[in-house]
Structures are given as C-alpha cells and as structure tokens.
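Everything below concerns the one structure shown next.
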Amino acid sequence: MTSPSSTVRATEASWNARQWGTLLVLCAALFLDALDVSMVGVALPSIAHDLDLTTASLQWIVSGYILGYGGLLLLGGRAADLLGRRRVFLIALGVFAGASLLAGVVDSGELLIATRFIKGLSAAFTAPAGLSIITTSFAEGPIRNRALTIYASCGATGFSMGLVLSGLLTEVGWRWTMLLPAPVALIALAIGLKLIPKSTRESGAGRGYDLPGALTGTAAMLLLVYTVVEAGQTGWGSARTLVSFAVVAVLLAGFIAIERRSAHPLIRLGILRSPNQIRANLGGATFMGSYIGFQFLVTQYMQSLLGWSALHTALAFLPAGALVAVASPRMGPVVDRFGTPRVITAGFASLVLGYVLFLRVDLSPDYALDILPSMLLLGTAFTLAYSSLNIQATNGVRDHEQGMVSGLLNSSFQVGGAIFLAIVTAVVTSSGTGSPSTPQAVLDTYRPGLVVVTLIGVAGLLITVTGLRKRRPAHEIVVATSVPSASSIASDPSVASVASAGVLAAETDAQPVAVRD
C-alpha cells in the first residue's frame with residue numbers, strides 16, 4: 001500500500017505550487033486522452049484520400065484507439081496499484097508522445113492504425129494512474145472533490161473540443177491532428193518528472209500480479225470491443241459474431257472464477273457489491289455511449305446533408321465545449337452541497353432533453369433555434385455529470401485500490417462508447433432499404449439512430465435516479481472487508497473519509513460494511 005509519506009497529501013483549501021503543478025500535468029494527460037478519442041473524426045475524409053484507404057480500413061483508425069484504450073484499462077488500473085502510479089503514468093505518457101509523433105509522419109494506413117492502437121494502449125495506463133494519483137494525494141471530501149472536478153473538466157473539455165480543434169487543424173492538414181498531442185505530452189512529461197510525487201509499490205502479502213486474471217480479463221475486453229466494432233460489417237447475427245460473443249462469455253466466466261479464487265485479484269469482486277460503484281459505471285457507459293453515437297450521427301448530418309465544411313461543423317459544437325471548459329472547474333462546491341446522485345441525475349436529465357430537442361431537425365435548420373439549444377444542454381450535461389461520476393466512483397475507496405476503480409470507470413466509458421456506437425450504426429444501416437436516393441431519405445435513416453441515442457440516455461437517467469430513492473444527505477456504498485469488528489460508519493460526504501474512520505485494513509470479499517459517502 002502507498003506510504004503516506006510518499007505523496008504530497010493536500011488537506012487544506014490552499015494548495016502549494018507543487019500540488020497545482022502535479023494536477024496540471026495529470027489534467028494535460030487526460031485532456032490529450034479524451035482529445036484523441038474525438039479529434040480524428042473530422043479528419044477521416046482527408047486521411048482516406050491521402051493514404052488511399054477503404055471504408056473498412058478507415059474505421060480502424062478510430063476503432064484501433066478504442067480497442068487499445070478500452071481493452072487494456074483494467075490491466076492499466078491494476079498496474080498502477082502494483083508497479084507505482086508515478087512510474088506507470090510517466091512511462092505511458094512517454095509512449096503516447098512517441099506514438100503521436102510517429103502517427104503524424106507515417107505513409108501507410110496499416111502503420112497509422114498501429115500507432116493509434118499504441119496511443120490507445122498508453123492512454124489505458126495514463127488515465128487510471130492519473131486519477132489514482134489525485135485520489136491518493138488529496139484528502140477525501142471538498143479538497144478531493146475540487147481536484148477531481150478540475151481534472152474531470154479537462155477530460156470533458158478535451159472530448160468536447162476535439163471536433164473543434166480537428167476542424168481547425170484539418171483545414172491546414174490532417175497530419176497536424178496527429179502531431180498536436182506530441183509536444184503537449186512531452187512538456188507534461190518533463191514537468192511530471194519533477195513534480196509528481198513518488199509512490200511505492202504494494203509490499204508484503206498484499207502484493208500480487210494475478211497473471212491468469214490479467215490474461216483472461218484483458219483478452220475478454222479486447223475481444224468484446226473487437227467483436228462489437230466488426231459486427232457492423234460482418235452482421236450481428238452472423239456465425240462469426242455469435243461465436244466471438246460466445247468466446248467473450250467463456251472468457252468472462254473464466255475471469256470471474258479466477259478472481260474469486262485469487263489471493264491478489266485484478267478486480268476485487270466485492271467492490272461491485274456497492275450500488276455506488278454500479279451506478280457510476282453503468283452511468284458512465286450510457287453517458288459516453290449515447291454521446292459518441294450522437295456525435296457520429298450529427299457530424300454526418302452536418303457534413304453530408306447540410307454540406308457544412310469541417311470547420312463549420314467544428315464551430316457548431318463549440319458552444320458545448322466552451323461551456324464545459326468554463327463551468328466544469330467550478331463544480332466542486334456544487335457536488336459538496338448537493339451530492340453526486342443529484343448532480344449526476346441533473347446531468348442526465350439535461351443530456352436527454354438535448355437529444356429530444358435535436359429530433360426536430362430537418363434539411364434546413366435554423367442553428368440558433370434548432371441546434372444551439374441541444375449543444376448548450378449537452379455542454380451542461382457534461383459539466384454536471386462527468387466530474388460527478390468520477391467522484392462517485394472513487395469516494396470511499398482505499399488508496400491501494402484507486403487504480404482499480406479508476407480502470408473500471410474508464411473501461412465503462414470506453415467500452416460503453418464502442419458498444420453503443422456499434423448499436424446506433426447498426427440501427428441506421430438497417431433502417432433503410434438500399435442506398436437512400438434523396439437527402440430526406442438519408443435524414444429518415446438517421447432519425448431511428450437518434451431515437452436510440454435518446455433511449456440510451458433515458459436508460460442512464462433511470463439508473464441514476466435509483467440513487468435518489470431515499471432522501472438523505474449521503475448515499476451508501478458497500479465496502480467488503482475482512483475485519484469482523486468493523487461497523488457501519490456514517491459521515492457527511494463533503495467532510496469525512498473512510499480513512500479517518502479507521503477501516504483501512506486489507507480487505508477481501510467477506511462481509512460488507514455500509515459506509516455513508
């Protein structure tokens with residue numbers, strides 16, 4: 001377990017320059033991770049033209065990143081706990097910078113796809129390591145909430161601003177969309193080497209690598225993402241797809257069996273007894289999944305049907321990104337006052353309303369009346385929900401498991417995005433017969449996809465509403481512990497931490513202890 005003396009633990013409202021610098025480095029890495037998910041979309045037509053790529057190959061420029069990111073997040077989170085968060089973060093950030101440089105100079109589609117996979121792989125290690133550095137360096141309560149809202153706002157801003165930056169850079173050349181992250185990552189790496197506090201590896205009996213669990217879990221995640229991405233082309237009912245899903249089920253069953261018997265599991269299954277964790281992860285999957293599907297359809301609508309340029313499309317998304325950038329860092333006091341369940345529910349309500357309003361669009365929309373309201377509502381949704389989901393997933397979790405829960409949450413974001421995007425794409429593809437011959441016919445094929453996006457958002461809203469069933473100042477999480485004498489501990493979410501309650505003994509999958517968070 002990380003030694004308290006190995007981190008600069010912030011316990012006062014006023015942070016010193018080192019703490020601010022550390023947070024800035026972590027925010028820069030998350031910004032780049034999120035940026036790479038969304039920024040490549042607008043550049044795809046130019047990439048296809050320059051590298052002479054087919055549609056199938058072009059898809060893998062996007063999917064390759066998601067495959068590496070979503071498939072290896074669980075392993076990345078556990079590696080941060082076992083090998084040291086600082087070490088894992090800095091090595092992965094260096095790999096990310098190198099892959100970005102290579103992606104900007106390659107001359108073949110195969111190499112570009114390979115670099116995208118490597119960037120996704122490195123992001124799978126920087127994201128959970130960065131989040132766990134914050135949660136182990138800032139005391140739980142208002143201080144940590146403030147740090148997490150700033151951190152999460154950078155991720156939300158990076159994702160929402162990806163299209164804007166991509167539109168601007170594509171006007172110059174698509175290679176700049178690949179090169180942009182490299183200098184930022186190198187600067188962050190140089191600063192991080194000096195500022196990020198050192199952390200020790202787990203020691204003694206609590207240390208273990210669970211290689212069988214790592215292999216089966218990672219293989220299951222990789223195959224799941226790959227199968228979902230490929231299902232759009234091979235068919236959801238094809239023998240290949242069905243066999244792949246069956247293999248995924250077998251791998252997941254094997255993974256669960258291994259984790260239940262392992263002395264040092266990759267994922268401690270007891271953490272999933274927590275309603276708090278379940279809502280955070282399902283909420284993350286539906287939130288990101290619905291938005292990625294929405295973004296995919298809307299960019300096609302704007303460029304293919306309305307004839308907007310890449311820059312014009314990027315500027316259409318600008319209000320959402322700007323709202324997130326301005327408002328998200330100020331969400332800490334809001335979460336402290338109302339609690340994560342209420343704030344997340346408000347975020348999902350805003351998300352669903354934004355989707356519903358966009359269903360009105362036609363072939364000659366008035367931007368101010370038909371599109372802008374949805375963009376502002378989606379920006380509000382990101383502002384409210386994104387940082388709150390991060391806080392809810394990490395509150396009440398002990399330091400040596402922060403990497404694990406961070407990996408779980410980020411896996412939910414990425415795998416949810418891949419799965420729901422594939423579903424939305426399948427609905428759009430199957431909603432028409434043959435190739436639509438008129439713009440109105442094309443729009444008619446998009447509408448069922450937009451309806452599915454809205455329904456995914458509604459599902460997320462219903463999940464989060466379950467956290468409001470009881471009117472109380474705090475919600476309850478379940479921490480499985482092996483300490484027989486531990487008792488229920490009630491505390492205010494903005495002040496108390498599980499650490500101060502004295503229940504930081506090593507835990508297994510024994511009896512649950514209710515903890516107010």
Side-chain angles (χ1 to χ4, degrees), residues 15 20-42 123 126-127 130-131 134 144-170 176-177 180-181 183-185 187-188 191 284 287-288 290-292 294-295 298-299 310-336 340 343-344 346-348 350-351 353-354 367-368 371-391 410 413 417:
W15 303 342
W20 275 112
T22 297
L23 185 60
L24 178 63
V25 170
L26 302 177
C27 287
L30 184 64
F31 180 88
L32 294 177
D33 292 348
L35 193 72
D36 248 24
V37 175
S38 62
M39 190 168 63
V40 72
V42 177
T126 59
L131 183 55
I134 291 178
R144 182 189 291 179
N145 289 352
R146 183 187 179 195
L148 284 175
T149 52
I150 294 173
Y151 177 72
S153 71
C154 288
T157 301
F159 186 83
S160 58
M161 293 294 286
L163 281 177
V164 179
L165 291 175
S166 180
L168 294 171
L169 293 173
T170 302
W176 289 104
T177 64
L180 174 66
V184 180
I187 293 171
I191 298 174
F287 187 92
M288 191 60 68
S290 66
Y291 182 77
I292 288 179
F294 175 82
Q295 185 186 76
V298 173
T299 53
L311 180 59
H312 194 175
T313 300
L315 292 176
F317 280 86
L318 180 60
L323 181 59
V324 172
V326 172
S328 287
R330 297 168 171 79
M331 284 301 299
V334 177
V335 174
D336 293 337
T340 54
V343 178
I344 294 172
F348 266 98
S350 179
L351 189 78
L353 182 57
Y367 179 80
I371 298 177
L372 181 59
S374 290
M375 294 300 171
L376 293 176
L377 285 166
L378 295 180
T380 301
F382 261 95
T383 299
L384 293 170
Y386 195 83
S387 58
S388 301
L389 286 167
N390 279 274
I391 293 171
N410 281 283
F413 279 132

Non-neighbouring partners of Thr149 that pass side chain to side chain donor-acceptor pair (under 3.5 Å), sequence neighbours left out |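 Scan of Thr149 (side chain to side chain donor-acceptor pair (under 3.5 Å), adjacent residues dropped) gives none.
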So, do [X] and [Y] sit near enough that their side-chain heavy atoms are less than 4.5 Å apart?
| X | Y | result |
| --- | --- | --- |
| Ile191 | Leu24 | no |
| Leu35 | Leu180 | yes |
| Phe317 | Gln295 | yes |
| Pro319 | Leu376 | yes |
| Ile344 | Leu384 | no |
| Phe31 | Val184 | no |
| Leu315 | Leu311 | yes |
| Phe413 | Leu389 | yes |

To the nearest 0.5 angstrom, please state how far the OG1 atom of Thr126 sits from the CG atom of Leu30.
->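 Thr126 atom OG1 to Leu30 atom CG measures 8.0 Å (nearest 0.5 Å).
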Output yes when a side-chain donor or acceptor of Ser350 lies under 3.5 Å from a complementary backbone atom of Leu377, and no otherwise.
->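 Yes.
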Could you tell me which non-hydrogen atom of [X] sits nearest to which non-hydrogen atom of [Y], and how far apart they are?
| X | Y | value |
| --- | --- | --- |
| Asp36 | Pro181 | OD1-CG, 3.7 Å |
| Pro373 | Ala368 | CD-O, 3.3 Å |
| Val298 | Met375 | CG1-CE, 4.4 Å |
| Gly379 | Leu323 | C-CD2, 3.7 Å |
| Ala188 | Val25 | O-CG1, 3.5 Å |
| Ala381 | Gly347 | CB-O, 3.2 Å |

Carefully, step by step, assess Leu378 and Phe294 under the rule side chain to side chain contact (heavy atoms under 4.5 Å, CB included).
-> CA-CA 10 Å; Leu378 295 180; Phe294 175 82; 3.2 Å; yes
Partners meeting ring pair (Phe, Tyr, Trp, His ring centres under 6.0 Å) with Tyr151 (sequence neighbours left out) =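 Partners of Tyr151 under the ring pair (Phe, Tyr, Trp, His ring centres under 6.0 Å) test: none.
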Taking the six-membered ring for Trp, are the ring centroids of Phe287 and Phe382 within less than 6.0 Å of each other?
->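 That pair passes the under 6.0 Å test.
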Please report the C-alpha distance between Leu148 and Leu131 in whole Å, then the side-chain angles of each, then the deciding distance to 0.1 Å, and finally whether the side chain to side chain contact (heavy atoms under 4.5 Å, CB included) criterion is met.
-> CA-CA 8 Å; Leu148 284 175; Leu131 183 55; 3.3 Å; yes
Report the C-alpha distance between Val40 and Thr177 in whole Å, list the side-chain angles of each, state the deciding distance to 0.1 Å, and finish with yes or no for side chain to side chain contact (heavy atoms under 4.5 Å, CB included).
-> CA-CA 7 Å; Val40 72; Thr177 64; 5.5 Å; no
